[in-house]
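So the structure is just underneath, and the comments pick up after that.
In this text, all values refer to a predicted model and were calculated from it rather than measured experimentally.
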Amino acid sequence: MTDTRRLVVPLLAALIVIVVAIALDLQNGPPETGIDFHTYEAASIVGIQQGWTHLYDQGLVKVAQQELVPAQRTQPYLSPPPVAWITAPFAALPYRLAFAAWTLLTLGAFALALIYSTSYRGWPRLVAVGAALVPWWVLHAVGVGQVVPLVAAGMLIAWRLLREERDLLAGVALGLTLLKPNTAMFVPFVLLATGRLRTFVAWLSVAVAVVALSVATLGSAGVSGYFGDLSHLPSGANALTLNGTFGLTGGVAATVRVIIVLAAFITAYKVRSSPGMAIVLGALASLVTAPYLHGSDLCVFVAAGWIVWHERPGAGWRAMLVAMWVLASPVVFDSAVGPMLNRWALAELALFAVIVAWAWAGDRLEALQGRALTGSGDAGKHAPA
């Protein structure tokens with residue numbers, strides 16, 4: 001009871017900081033509220049009214065966007081078909097009500113996944129979940145109506161299920177990564193490298209079903225239109241990529257991507273007893289090597305940090321994560337000292353490199369540290385004969 005009472009003041013202080021930070025996030029919302037949901041719903045309306053074979057007819061999508069919200073900017077629909085499918089039911093509602101319901105769904109799913117996956121209980125759980133919502137890109141993703149919070153939620157749910165050895169359900173949960181594959185594409189494959197065959201087969205079954213249904217509903221013309229549109233990615237979506245951060249292109253960028261992915265697979269096998277860290281490796285490899293990303297996609301980075309916070313409770317790990325959290329807070333982000341968007345790829349790479357180093361040298365470093373603290377390493381050298 002005494003220990004609990006001692007925690008009351010710091011927990012309340014942390015909660016106040018979190019509430020203020022979230023309030024700043026809400027105050028400094030995205031300049032184009034609902035822009036992505038606006039596109040999703042327009043595409044679903046095209047599918048419902050014109051037939052799903054026209055899902056990637058960008059002319060029809062543009063007209064649907066203009067009819068939904070005439071003042072909203074239009075943009076091409078480049079998401080996979082399942083995004084239009086899951087937003088289709090919202091088309092029956094007035095647009096503003098539909099957008100409100102969608103934001104509740106995405107934010108609620110992510111928050112509930114945080115609650116479900118954590119080992120914290122009571123007030124510490126409330127503070128931890130609140131802290132995970134503070135990084136500016138979380139509420140930004142919700143504000144623009146992005147689907148990526150559902151991807152992050154799927155990762156967290158799968159992590160909890162894997163801890164409970166419910167591998168098949170974990171694979172099903174990872175089916176949510178199909179909503180935005182470029183943000184977490186390697187997670188199921190990295191888990192396969194750890195020996196989680198049932199998880200991979202479950203995810204693959206979901207993926208095959210989704211692909212089959214997509215091909216059946218789109219037809220050959222729709223499939224061609226989709227891949228044709230992907231060859232013309234939107235401008236301004238490379239800030240978080242190897243090109244936007246380091247200026248890498250062509251063969252050099254391809255080589256670096258291959259090295260990162262191979263490091264993720266090999267290291268995942270090394271830490272195969274910890275599926276959570278394997279998920280993090282797959283997620284970080286996906287983010288760093290993605291051909292295009294937006295700031296909202298960093299929700300997956302939050303999910304990765306959440307897993308590391310729980311799996312590696314050492315002071316060094318916590319200090320690194322807290323530093324990243326502070327830099328991602330709206331107070332720092334909105335100031336002149338806040339890192340630019342393309343600097344966050346460096347944070348992803350830093351966390352990735354630390355995990356790889358820990359996996360291969362962590363035991364030896366901890367052993368050396370233990371010897372230094374106990375002085376046992378040289379104890380026998382100076383003993384009298």
Side-chain angles (χ1 to χ4, degrees), residues 3-4 6-30 103-104 106-143 146 148-157 159-160 163 276-277 279-280 283-284 287 295-335 337-339 343-344 347-348 350-351 354-355:
D3 292 338
T4 304
R6 287 175 181 173
L7 288 174
V8 170
V9 173
L11 285 174
L12 285 176
L15 195 58
I16 291 171
V17 171
I18 289 166
V19 169
V20 171
I22 291 176
L24 287 173
D25 271 331
L26 294 172
Q27 181 182 355
N28 303 320
T103 59
L104 287 175
T106 55
L107 179 59
F110 185 52
L112 288 173
L114 291 166
I115 292 170
Y116 175 70
S117 62
T118 186
S119 56
Y120 293 134
R121 294 293 180 267
W123 282 97
R125 176 165 64 180
L126 177 63
V127 170
V129 171
L133 300 178
V134 164
W136 66 264
W137 49 72
V138 175
L139 292 184
H140 176 85
V142 174
Q146 253 290 331
V148 73
L150 298 181
V151 175
M155 286 173 46
L156 294 174
I157 293 168
W159 171 51
R160 163 72 182 265
R163 298 201 318 260
M277 297 303 283
I279 289 174
V280 172
L284 293 175
L287 290 172
S296 54
D297 296 327
L298 290 171
C299 286
V300 171
F301 191 37
V302 171
W306 179 261
I307 294 172
V308 174
W309 179 272
H310 287 75
E311 296 258 342
R312 305 303 303 168
W317 292 88
R318 294 281 172 89
M320 176 179 60
L321 293 172
V322 168
M324 292 180 180
W325 181 85
V326 170
L327 290 174
S329 68
V331 175
V332 176
F333 175 72
D334 293 327
S335 68
V337 299
R343 298 299 92 186
W344 283 103
E348 296 165 358
L351 182 57
V354 169
I355 294 172

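- The minimum heavy-atom distance between Ala21 and Pro330, with the atom names listed, is O-CG, 3.1 Å.
- In this structure, CD1 on Ile18 lies 11.5 Å from OG on Ser329, to the nearest 0.5 angstrom.
- In this structure, the separation between CG on Leu114 and CD1 on Ile157 is 10.0 Å, given to the nearest 0.5 Å.
- Relative orientation of the Trp137 and Trp344 rings is perpendicular, given thresholds of 30° and 60° on the angle between their planes.
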Open item on the list: Run the side-chain contact (heavy atoms from CB on, under 4.5 Å) test on Glu348 and Leu298 for me, step by step, so that the C-alpha distance in whole Å, both residues' side-chain angles and the decisive distance to 0.1 Å come before the verdict.
Closed with: CA-CA 10 Å; Glu348 296 165 358; Leu298 290 171; 3.0 Å; yes
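- For the atom pair CD1 of Ile279 and CH2 of Trp159, the computed distance is 8.5 Å after rounding to the nearest 0.5 Å.
- Shortest non-hydrogen contact noted between Val148 and Ala141 is CG1-CB, 4.1 Å.
- Side-chain atoms of Arg163 come within 3.5 Å of backbone atoms of Ser117 as a donor-acceptor pair (strictly under, hydrogens ignored).
- Between Val142 and Pro149, the closest heavy-atom pair is CG2-CG, 4.5 Å.
- Residues Met155 and Ala304 approach most closely at CE-N, 4.5 Å, considering heavy atoms.
- Put simply, the side chain of Val127 does not reach to within 4.5 Å of the side chain of Tyr120, judged on heavy atoms.
- With values rounded to the nearest 0.5 angstrom, Ile115 atom CD1 is found 10.5 Å from Arg121 atom CZ.
- Each side-chain hydrogen bond (donor to acceptor under 3.5 Å, both in side chains) pair with one or both residues in residues 316-328, not counting sequence neighbours, would appear here, but there are none.
- By the side-chain contact (heavy atoms from CB on, under 4.5 Å) test, Ala111 is found to be paired with no residue, residues two or more places apart in sequence or in another chain being considered.
- In terms of heavy-atom proximity, Val134 sits nearest to Asp25 at O-OD2, 2.5 Å.
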- [ ] Determine, step by step, whether Trp136 and Asn28 satisfy the side-chain contact (heavy atoms from CB on, under 4.5 Å) criterion, reporting the C-alpha distance in whole Å, the side-chain angles of both residues, the deciding distance to 0.1 Å, and the verdict.
- [x] CA-CA 9 Å; Trp136 66 264; Asn28 303 320; over 6 Å; no
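- For the atom pair NE2 of His310 and OG1 of Thr118, the computed distance is 2.5 Å after rounding to the nearest 0.5 Å.
- Without hydrogens or angle criteria, Thr106 side chain to Thr103 main chain gives a donor-acceptor distance under 3.5 Å.
- Nearest heavy atoms, Leu287 versus Val300: CD1-CG1, 4.0 Å.
- Side-chain contact between Leu139 and Leu107 is present, with heavy atoms from C-beta onward closer than 4.5 Å.
- Between Val354 and Val308 the shortest side-chain heavy-atom distance does not fall below 4.5 Å.
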